[in-house]
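See below for the structure under consideration.
Only heavy atoms go into these numbers, but all of them, side chains included; no hydrogens, no water, no symmetry mates. Just so we're clear, the structure is a prediction, and the values are computed from it rather than from any experiment. To find a chain, count down the sequence lines: A is the first, B the second, and so on, and within it residues start at 1.
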Number of protein chains: 2
Amino acid sequence: MNGVHLNSVHLNDVHYTETMAAMETGNPRQARHSRDDVAEAALRILDDYGLPDLTMRRLAASLDVQPSALYWHFPNKQTLLAELADRIVARSRTEHSDDLEWSARVRAEAAGLRDALLTFRDGAELVSSTFALGLGAADPVDRLTEAIELGGFDAETARRASVALLHFVLGHVSHEQQRLQYDSLGVVADEVSARADDAVLGGRQAQAEAFDFGVMLFVGGLQRLAARP
Amino acid sequence: MNGVHLNSVHLNDVHYTETMAAMETGNPRQARHSRDDVAEAALRILDDYGLPDLTMRRLAASLDVQPSALYWHFPNKQTLLAELADRIVARSRTEHSDDLEWSARVRAEAAGLRDALLTFRDGAELVSSTFALGLGAADPVDRLTEAIELGGFDAETARRASVALLHFVLGHVSHEQQRLQYDSLGVVADEVSARADDAVLGGRQAQAEAFDFGVMLFVGGLQRLAARP
DNA sequence: ACCTGAACACCGTTCAAGT
DNA sequence: ACCTGAACACCGTTCAAGT
């Protein structure tokens, strides 16, 4: 804008490589990091210590870097979290043998999403919070919408239904994961009430059943809608 | 346990009243606060500035008190938030003319809960986070469960359905409120895309419709379940 | 291209002590 | 019964400067 050709700025830019820096300082430092390195390190902290412990300062320390260095790769923490959410959710891409009936496909997508969220500690809460902020998580909505549209529903109905279903999925799995680490903290206190509680809403099997039931209610609602338009 | 009668401890306890303190210091300080005062002040900050600004330090300042004083009323912030969640949710007690059909009553309960959450800024997010932690929000679950049981469903089915419905409600209203303040921040940028976006998922009316649609899917799923057991 | 150093403006919580 | 004062152990983010 001011007449200076931006392209010329880097003409004699000296690129300090890792080895050059090591030679100068005599200190064979860690490799400098890429955006991808940062995201992967963050996912590791998330899974090992949970969302509350995923701080910029801790992340920086795990990469042997100053906290301020992270802001070269991501403009702020929220953007980093959105990136993590997208990476977690990307694992839910099911090869949903396209010959499935639409309702079975919806159930498969929902189950795949749940599995993906469960592979990372606090995964549901992370995705949930970034989804609520209007960032990321667009992909699962699109895939659910597509599956529902196969049932002959119009675009808006399908979208509304898939967003509703996603809210259920995120809420359910958040709850589920919260309970997991609550249990792992061993609030043993009342053996009896713990058992009773467990019988009602605990146990991996029971959680999976409750999840399927919720998805089924949704699908059932859609089917009823199709039956009497 | 050690033989000392606990009842005798307070026998000659001197109670410093507000006026006594004022007389001594010559400083007519604010009235000392009750647990209820603290909760009400917190609700005011929540509604005026939002959940991220509801810090213990800010709350203390609004009460003309040191942050540490709050810990006499609540053991920690989480407990305070749970109390706020309960207070917000208590406003959803609808006088659901008991002559309503069960499905209408479920819809009324859901709508009442949404209205209650909307009366406070970030209300849904607050209730959602404490619910995910297993604190509070038990009341709405109970009322929804009761309504569903009137439809002839067994206790576990009713409970699972009501928890699922609650997850949808919390997720939907969180999203809705997030959008509200996103809009109020006036990210005017693209007038055009804003309009287009608005047509699809914006507007109070559209949000209310999408909400009702989601609830209807649930109820429809239950009805279908009743039709073919 | 990627990072350091230092600072700014905050957090929640504890605890002895005061009135 | 309710609060102060002071401290502890943290946060996210910015920015000039370095290599």
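- A salt bridge (Lys or Arg N to Asp or Glu O under 4.0 Å) check over residues 119-139 of chain A, counting only residues at least two apart or in different chains, returns the pairs A:R93-A:D139, A:D139-A:R143.
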Distances for protein N or O near nucleotides 16-18 of chain C N or O, under 3.5 Å:
none

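- Remark: B:L113 CG to B:L118 CG distance equals 9.5 Å, nearest 0.5 Å.
- Between the P atom of D:dC15 and the CD atom of A:Q66 lies a distance of 18 Å, rounded to the nearest Å.
- For the segment residues 76-86 of chain A, the set of residues with a heavy atom within less than 4.0 Å of an atom of DNA chain C is empty.
- Of the residues in residues 68-75 of chain B, those placing a heavy atom less than 4.0 Å from an atom of DNA chain D are B:S68, B:A69, B:W72, B:H73, in numerical order.
- D:dA16 and C:dC3 have their C1' atoms separated by 13 Å, given to the nearest Å.
- Nucleotides C:dA9 and D:dC10 are separated by 22 Å at their P atoms, to the nearest Å.
- With sequence neighbours left out, B:T55 forms a side-chain hydrogen bond (donor to acceptor under 3.5 Å, both in side chains) with no residue at all.
- The side-chain hydrogen bond (donor to acceptor under 3.5 Å, both in side chains) test applied to B:H175 returns A:H167, not counting sequence neighbours.
- Of the C1' atoms belonging to D:dC8 and C:dC11, the separation is 12 Å, rounded to the nearest Å.
- Scanning all heavy atoms of the two residues, the minimum distance from A:L126 to A:A85 falls at CD2-N, 4.2 Å.
- A:H172 pairs in a ring-ring contact (aromatic ring centres under 6.0 Å, His included) with only one of the listed residues (A:F211, A:F213, A:F218), which is A:F211.
- Between the CG atom in B:L84 and the OG1 atom in B:T79 there is a gap of 11.0 Å [rounded to 0.5 Å].
- Side-chain N or O atoms of A:D115 include none that pairs as donor or acceptor with a backbone N or O of A:G112 at under 3.5 Å.
- When the salt bridge (charged side-chain N to carboxylate O under 4.0 Å, His left out) test is applied to B:D142, the partners found at least two apart in sequence or on another chain are B:R159.
- Residues of residues 34-43 of chain A that place a heavy atom closer than 4.0 Å to DNA chain D do not occur.
- Sorted by first and then second residue, the salt bridge (Lys or Arg N to Asp or Glu O under 4.0 Å) pairs involving residues 66-84 of chain A (not counting sequence neighbours) are A:R35-A:E83, A:E83-A:R87.
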Check your understanding: Dot-bracket for DNA chain C, 5' to 3', counting Watson-Crick or G-U wobble pairs under 3.5 Å, with [ ] for crossing pairs and | for inter-strand pairs?
Key -> ||.|||||...|||||.||
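- In terms of heavy atoms, B:Q177 sits closest to B:G123 at OE1-N, 3.2 Å.
- When side chains are defined from C-beta on, B:V38 does not count as touching B:V65, because their heavy atoms never get closer than 4.5 Å.
- In this structure, B:L165 and A:L217 have side chains that are not in contact, with every pair of non-hydrogen atoms separated by 4.5 Å or more.
- Atoms CD1 and CG, from B:I88 and B:L43 in turn, are 5.5 Å apart once rounded to the nearest 0.5 Å.
- The list of ring-ring contact (aromatic ring centres under 6.0 Å, His included) pairs with a residue in residues 74-94 of chain A, not counting sequence neighbours, is empty.
- To the nearest 0.5 Å, atoms CD (B:Q207) and CZ (B:R114) are separated by 7.5 Å.
- Between B:L135 atom CG and B:D86 atom CG the span is 9.0 Å, to the nearest 0.5 Å.
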Practice item. Any chance you could lay out the side chain to side chain contact (heavy atoms under 4.5 Å, CB included) test for A:L59 and A:L80, step after step, and finish with the verdict? Key: CA-CA 11 Å; A:L59 174 56; A:L80 167 63; 3.6 Å; yes
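- Remark: B:T55, B:M56, B:R57 in residues 49-62 of chain B come within less than 4.0 Å of DNA chain C through at least one heavy atom.
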